[in-house]
Amino acid sequence: MEFQGSGGNHVITFINGNYTYKVYRNILGEKDTPDITLEVEENGNTILHQDGTLLK
């Protein structure tokens, strides 16, 4: 887990073989900033970038 500044935003990174999974938790941001973003890389190339909303 890596914190990005003091506002609470952070990223959690998982690695499995040639794949790197990054989950960005966006606590502070603009009005249209997504709650969470998933990014998947294969051998350093982004193959998926998807925004999401956390359900409560």
Side-chain angles (χ1 to χ4, degrees):
M1 183 181 312
E2 177 184 336
F3 288 93
Q4 301 173 324
S6 61
N9 292 358
H10 56 276
V11 60
I12 301 169
T13 303
F14 304 92
I15 298 173
N16 184 10
N18 295 334
Y19 295 92
T20 301
Y21 303 84
K22 295 180 182 179
V23 180
Y24 294 88
R25 177 63 173 105
N26 307 310
I27 295 172
L28 290 179
E30 299 294 322
K31 186 172 146 180
D32 59 346
T33 300
D35 294 335
I36 201 159
T37 301
L38 170 64
E39 185 174 276
V40 180
E41 297 176 358
E42 180 181 24
N43 297 318
N45 298 313
T46 300
I47 59 171
L48 176 72
H49 182 93
Q50 185 169 350
D51 296 332
T53 302
L54 291 177
L55 301 177
K56 299 183 189 224

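As the structure is a prediction and not an experimental result, all values here were calculated from the model.
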Evaluate the side-chain proximity of Glu39 to Thr46: yes if any heavy-atom separation is below 4.5 Å, no if none is. yes

Gap between atom NZ of Lys22 and atom CD of Glu2 - 0.5 Å precision: 8.5 Å

Has the side chain of His49 got a donor or acceptor atom that lies under 3.5 Å from a matching backbone atom of Ile47? no

What's the separation between atom CG in Asn26 and atom CD in Gln4, rounded to the nearest 0.5 Å? 8.0 Å

Within the distance-only criterion (no hydrogens, no angle test), does the side chain of Arg25 pair as donor or acceptor with the backbone N or O of Val11 below 3.5 angstrom? no

Which value, rounded to the nearest 0.5 Å, describes the distance between Glu41 atom CD and Tyr19 atom OH? 12.5 Å

With distance as the sole test, does Asn18 use its side chain to make a donor-acceptor pair with the main-chain N or O of Asn43 at under 3.5 Å? no

Check Pro34 against Gly52 and note the closest heavy-atom contact, atom names and distance. CB-O, 3.9 Å

With a 4.5 Å cut-off on side-chain heavy-atom distances among I, L, V, M, F, W and Y, is there a chain of contacts connecting Tyr24 to Met1? no

Between CG on residue Leu48 and OH on residue Tyr21, distance to nearest 0.5 Å: 9.5 Å

What is the distance from atom CG of Asp35 to atom OG1 of Thr53, rounded to the nearest 0.5 Å? 5.0 Å

Within the side chain of Asn9, is there an N or O that forms a donor-acceptor pair under 3.5 Å with the backbone of Ile27? yes

Does Val23 reach the side chain of Ile36, with side-chain heavy atoms less than 4.5 Å apart? yes

Under a single-linkage definition using a 4.5 Å side-chain heavy-atom cutoff for Ile, Leu, Val, Met, Phe, Trp and Tyr, are Val40 and Ile12 assigned to the same hydrophobic cluster? yes

